Amino acid sequence: MKIDKAEVIVTSPDRNFVTLKLTTDDGLTGLGDATLNGRELSVVAYLTEHIVPLLLGRDAHNIEDTWQFLYRSAYWRRGPVTMAAISAVDVALWDIKAKAAGMPLYQLLGGASRTGLLAYGHASGKSLNEVFDSVNSHLEQGFKAIRVQTGVPGLESIYGIASNKGLPGNEGVRYDHEPAQRGALPAEEDWDTRSYLRHVPTVFEAVRNEFGPELPLLHDGHHRMTPIQAAKLGKSLEPYDLFWLEDCTPAENQEALRLVRQHTTTPLAIGEIFNSIWDYQQIIREQLIDYVRSAVTHTGGITHLKKILEFAAQYQIKSGMHGPTDISPVGMAAAMHLGLAIHNFGIQEYMKHGDKTNAVFEQSYSWNNGMLHPGNKPGLGVELNVDEAGKYPYATAYLPYNRLADGTVHDW
Ligand code: EZ4
Ligand code: CO
């Protein structure tokens, strides 16, 4: 079974997505997600110029060998662009292998370890009232775990707050929470860590009082704190029993988390911008985190993320795969198959895609009573509707960035 055709498809329903489609000589097709929010075309170039020519004629069954060949033969290893490109190849090959076997992909990964995947959604609001409304609306949708992001007094526009502007063509319809914005330049947001550290615990206190002790609550610090600030936040959130505090520090400096860990029992999750096992080596070995945030899409595919998660399992660290809307339905399906199969599944982030995206990517995964399931179609269970995809050409979009009050650029 040889790879006969490799196409890179860029489409922008609601937002930009990059998809790799492989076709074998016996007519099977496989899809892989290569979307890198705000830097999509760099992955398109990496795939088109440097990977597609290497794939044609290769045995589609040799997934591990293809992974090692692409990773090692480049010489220049790792990095978000390279690893997103390798991920797309890897997932497309798993899709093909599972279709060839006539099985849903999770069967090839060891079979189901559970009946469904606990998923969390994104509640947010500028004011406490808006936060409560958003939590209520998520409960009505069936979510059994909820991330809470809140506005901070004095800051106009910050990460994690859904805008009521909506998407182009769907103005006025809230779309939780889409940070990238179409336009020629990145939007500028505000930041002040001291105000944030003062305000956030008051919001979690109010949310706990309103919604009770049982609901799992999560929060994303989005890389803004120093280790000692993160330690302080973790400690001040302890009474509200968070499921996790995410990306509290930038963590390029893995040792930073030692200090956070020494001061707080709030569980820590990190890694959505990591791209290989080497980003995790120290923090897993030293048990500095509780959840691995990597997405299949950004961490070298199922082949590589499975290795990270198996390493994590030795230390009782669980999965908490990244699942924002910038992971395409192809990437989400890959996460669901992997999450269903591994023993140390923790939780899956799930932001529902918009209607246009759902029309481009025909899905067989399901959302029922707060739980996700990848479905039982052979392969990943996602197909790309080429006619729908063709309606939405690439549109320049950037993630925002941050400045402090004095104009200093800060981590976003
Ligand atoms: O900002 O995926 O936990 N989720 C997140 C996301 C990220 C976006 C960046 O592309 O932090 O909202
Ligand atoms: Co995050």
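This is a predicted model, so every value here is computed, not measured. Remember, it's 1-based here, ligands and their atoms both numbered in the order they're listed.
How far NE2 of His122 is from CD1 of Ile161: 11.5 Å, rounded to the nearest 0.5 Å.
Side-chain contact, Ser319 with Arg293: no donor N or O sits under 3.5 Å from an acceptor N or O. Glu238 and Thr266 share no side-chain donor-acceptor pair at under 3.5 Å. Between the side chains of Glu189 and Asn402, not a single donor N or O lies within less than 3.5 Å of an accepting N or O. With 3.5 Å as the limit, one finds a donor-acceptor pair spanning the side chains of Thr35 and Asp33. When only modelled atom types and interatomic distance are considered, Thr226 and Gln229 share a side-chain donor-acceptor pair under 3.5 Å.
Annotation: Phe204 is in aromatic contact with His219 [ring centroid separation under 6.0 Å]. A distance of 6.0 Å or more separates the ring centres of Phe274 and His322. Aromatic rings of Trp367 and Phe143 (six-membered ring for Trp) have centroids within the 6.0 Å cut-off, being under it. Aromatic ring centroids of Tyr120 and Trp244 lie under 6.0 Å apart.
Listed by atom number, the atoms of ligand 1 under 4.0 Å from Arg147 heavy atoms are 3 (O), 4 (N). For ligand 1 and Arg293, the ligand atoms under 4.0 Å from any heavy atom of the residue are 3 (O), 4 (N). Residue His322 approaches ligand 1 through these ligand atoms, each under 4.0 Å from one of its heavy atoms: 2 (O), 3 (O), 4 (N), 5 (C), 6 (C), 7 (C). For ligand 1, the atoms lying closer than 4.0 Å to a non-hydrogen atom of Asp220 are 3 (O), 4 (N), 5 (C), 11 (O). Counting atoms of ligand 1 from 1 in the listed order, those under 4.0 Å from a heavy atom of Pro324 are 2 (O).
Both cation-pi conditions hold for Arg224 and Trp191: the charged atom is under 6.0 angstrom from the six-membered ring centre and inside a 45 degree cone around its axis.
Under 4.0 angstrom from ligand 1, the non-hydrogen atoms of Leu399 all belong to its side chain. With a 4.0 Å heavy-atom cut-off, ligand 1 is reached by the side chain of Trp412 but not by its N, CA, C or O.
The protein non-hydrogen atom at the shortest distance from atom 6 (C) of ligand 1 is Tyr159 OH, 3.4 Å. Atom 8 (C) of ligand 1 has its closest protein heavy atom at Asp326 OD1, 3.6 Å. Counting only heavy atoms of the protein, atom 1 (O) of ligand 1 lies nearest to His222 NE2, 2.8 Å.
The residue among Glu178, Arg39, Arg15, Glu272 with a heavy atom at the shortest distance from atom 11 (O) of ligand 1 is Glu272.
Taking distances strictly below 2.8 Å, the protein N/O/S atoms close to the Co ion (ligand 2) are Asp220 OD2, Glu246 OE2, Glu272 OE1.
Put simply, no part of Met351 is less than 4.0 Å from ligand 1, judged by heavy atoms.
Between Lys99 and Glu383, at least one side-chain N (NZ, or NE/NH1/NH2) sits under 4.0 Å from a carboxylate O, which counts as a salt bridge.
For ligand 1, the polar-atom distance check against Tyr120 finds no nitrogen or oxygen pair separated by under 3.5 Å.
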